[in-house]
Amino acid sequence: MRVRFAPSPTGSLHVGGARTALFNWLFARGRGGRFILRIEDTDRERSSPEMVEDILGALRWLGLDWDEGPFLQSERLDRYRQVANQLLSANQAYRCFCSTAELTAKRQAAAASGKPWKYDATCRGLSPDRVSERQARGMPSVVRFKGPREGEVAFEDRIFGRIAHRTEQIEDFVLVRSDGMPTYHLGVVLDDLDMKISHVMRGADHISNTPKQILLYRALQRPVPEFAHLPLILGPDRTRLSKRHGATAVTTYRDQGYLPAPFCNFLALLGWSSKSEAESLSTDELIRRFALEGVNKSNAVFDLEKLAWFNSQYLRNAPAERLFPLIRAELEKEGIWKEELGSSDRAWMLTVVDLLKKRVRMVSDFATQGRAFFADDFEIEAKARRKFLKDKALPLLMPDLAARLGSLPVFGLEETESALRTFAAENGVKAGLLINAARALLTGKAVAPGIFEVMVALGRERTVARLSGTSWVENEQEG
RNA sequence: GGCGCUAUGGUGUAAUUGGUUAACACGCUGCCCUCUCAAGGCAGAGAGUACGGGUUCGAUCCCCGUUAGCGCUACCA
């Protein structure tokens, strides 16, 4: 069993492409097949090497490793020309000299009068003499497939079932452009043939192209592979996902702090169902369960909320150890990484990660939401001030509380809690008032882990320093 | 316009391939817990399966039509 993913490098890898790649990969990994990567870069204008790099990078990030390739179509040009010539001499293709201008004029005329249009096969019957005469004159030409004029092309799609077209509605499509480059149709079938692809799994936007390709297989007298077309991924407005809908490139999800495993998990469930109750599945489970039978036919809407949920699930359940390198990268990005965190303070760092991971949605949140744990310079966010630092009694109470905590013989969870609560009782205020004020002062946030866990994590020294500091007071009085 | 495909709560999907009070997850609402926010627990709203016809004792499931959406209709893939 051999499958492939064949993106064209005209843009970065988008979520639809990633889903196609993932399905192919899951299919191969689940049944001992080979996953081949091929780059369809025959469109010179729109393809670029940078995009090839982007795509490879995105696939690596997703963890979709390939067994063969990447093969570039631009390196197989001789092969396409050879077969095109073979088709030409077998009278299964012909040279067409119609100019783009002529063609578009005809097409527009047809459209204007509401008539359907397909290439009118003007050059199909050209005599060999005329052809060589025109070529001698240097007239540019393309090679068109000489399709059958009657009959039917049908195939059994593994997902959509039987799909049939009448051949007369298929035009004589172009195989080789006037610049000598093959078109998509020639490229795919030849590559899939040469690379011995057994299952062609791709987006449903190719479903109407398949009959053309089958005609080519027939002309070449080669067996047709299995086809499995995948429903498309749409934006919230049910139109095809595009930049209009926000982020479509998988690298932007990577950069935003999503993790590959939950990202794949989410993608896998777009158009496919494991038929199990649990949806949060590891990559291994996805591999084990994936089957073409579970793929459905209708297009799916990309739901960011659910993706975020998968991500937070994964984060919450992941061992701190595994998250460590990712968080380190985020801290470096924020400029608050310190070498000790990787050595002497490593164990401490892991406990902080365990503390934070339960209420985080993205990896980047560790560096933003959790900044106060790793750095002493942090802002107290406006929301925290507003919610927790307004009380007039606070400027007097907090330094005293700090002193009380500072004098504790043991600085643990229970000790800090009972110290704070008795302090509150002595001063006739609710513990919550002090707790929340401490939250703002210690973390700079209105949202944080349990306050005594925070204190213990920060340690006595930093806790006392932050609680007794008074720089926040003036700001409050102004506001 | 032509051709093709699809159609279950707001979203993703289920429903022993004709027999269920139409299920699960995300999201949403309320309550509990509580030091915030999550998480967790509990309760709940939300679809009668696009619409209309058939077939059948019985249709989410089979057939036809309509509508809508999507795809293809390039010397783009």
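FYI, side chains are in, hydrogens and waters are out, and symmetry mates aren't considered; it's all heavy atoms of this structure. Chain letters run A, B, ... following the sequence lines, proteins first, then strands; residues in each count from 1.
Rounding to whole angstrom units, CD1 of residue A:Ile170 and P of B:U73 are separated by 13 Å. Residue A:Phe302 contributes atom CZ, which lies 13 Å from atom C1' of B:C26 at whole-angstrom precision. In this structure, A:Glu279 atom CD and B:U11 atom P are separated by 16 Å, rounded to whole Å. Atom CG in A:Leu175 sits about 12 Å away from atom P in B:A77, given to the nearest Å. Going from atom NE2 of A:His185 over to atom P of B:A74 covers 10 Å, rounded to whole Å.
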The contact string for nucleotides 35-43 of chain B, one letter per nucleotide 5' to 3', using protein heavy atoms under 4.0 Å with B, S and - for base, sugar-phosphate only and none, comes out as BBBBS----
Just by protein heavy atoms under 4.0 Å, how would nucleotides 4-10 of chain B read 5' to 3' in B, S and -? SSSS---
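Nucleotides B:C51 and B:C61 place their P atoms 11 Å apart, quoted to the nearest Å. For the C1' atoms, the distance linking B:C26 with B:A14 amounts to 15 Å, nearest Å. With both ends at atom P, the span from B:A68 to B:C62 equals 23 Å, rounded to whole Å. B:G54 and B:U17: their P atoms are spaced 28 Å apart (whole Å). Nucleotides B:C31 and B:A45 place their C1' atoms 15 Å apart, quoted to the nearest Å. The gap from the P atom of B:G9 to that of B:A50 amounts to 7 Å, rounded to the nearest Å. Atom C1' of B:G19 sits at a distance of 30 Å from the matching atom of B:U11, rounded to the whole Å. If you take atom C1' in B:C28 and the same atom in B:U20, they sit 26 Å apart, rounded to whole Å.
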Considering only nitrogen or oxygen atoms on both sides, find all protein atoms under 3.5 Å from nucleotides 61-65 of chain B and state each distance.
none

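Nearest heavy-atom pair across A:Ser280 and A:Gln313 is OG-CB, 4.0 Å. When all heavy atoms of A:Phe35 and A:Leu64 are compared, the closest pair comes out as CE2-O, 4.3 Å.
Within 4.0 Å (heavy atoms only), A:Asp43 reaches sugar-phosphate atoms of the nucleic acid but no base atom. Using a 4.0 Å heavy-atom criterion, one finds that A:Thr42 contacts the sugar-phosphate atoms exclusively.
Within the 4.5 Å cutoff, no side-chain heavy atoms of A:Lys118 are placed close to those of A:Phe173.
Looking only at atom types and distance, the side chain of A:Thr210 has a donor-acceptor partner in the side chain of A:Arg202 under 3.5 Å away. Side-chain atoms of A:His245 and A:Asp237 include a donor-acceptor pair closer than 3.5 Å.
Below 30°, between 30° and 60°, or above 60°: for A:Phe290 and A:Trp272 the angle between ring planes is between 30° and 60°, a tilted geometry. Note on ring orientation: taking the six-membered ring where Trp is involved, the planes of A:Phe155 and A:Phe227 are perpendicular (angle over 60°, cut-offs 30° and 60°).
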Steps toward side chain to side chain contact (heavy atoms under 4.5 Å, CB included) verdict (A:Phe373, A:Phe378): CA-CA 10 Å; A:Phe373 286 89; A:Phe378 61 90; over 6 Å; no
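If A:Asp237 and A:Glu293 are placed on RNA chain B by their nearest nucleotide, the residue sitting closer to the 5' end is A:Glu293.
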Taking distance alone, no hydrogens or angles, what donor-acceptor pairs closer than 3.5 Å link side-chain atoms of residues 142-152 of chain A to residues at least two apart or in another chain?
residue	atom	partner	partner atom	Å
A:Arg144	NH1	A:Asp172	O	2.7
A:Lys146	NZ	A:Asn91	OD1	3.0
A:Glu152	OE1	A:Arg162	NH2	3.1

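For B:C75, the base has a donor-acceptor partner in the side chain of A:Ser178 [N/O atoms by modelled type, under 3.5 angstrom]. Not a single donor-acceptor pair, N or O on each side, falls under 3.5 Å between the base of B:A77 and the side chain of A:Asp205.
In terms of modelled atom types and a separation under 3.5 Å, the side chain of A:Ser47 and the main chain of A:Arg44 share no donor-acceptor contact. Checking side-chain atoms of A:Asp41 against main-chain N and O of A:Ser74 turns up a donor-acceptor pair under 3.5 Å.
The strand RNA chain B forms stems, runs of 3 or more Watson-Crick or G-U wobble pairs with distances below 3.5 Å, at B:1-7 with B:67-73, B:10-13 with B:23-26, B:28-32 with B:40-44, B:50-54 with B:62-66.
Contacts with RNA chain B (heavy atom under 4.0 Å) in residues 114-123 of chain A: A:Gly114, A:Pro116, A:Trp117, listed by number.
We find that A:Arg4 and A:Asp191 are not joined by a salt bridge, their nearest charged nitrogen and carboxylate oxygen being 4.0 Å or further apart.
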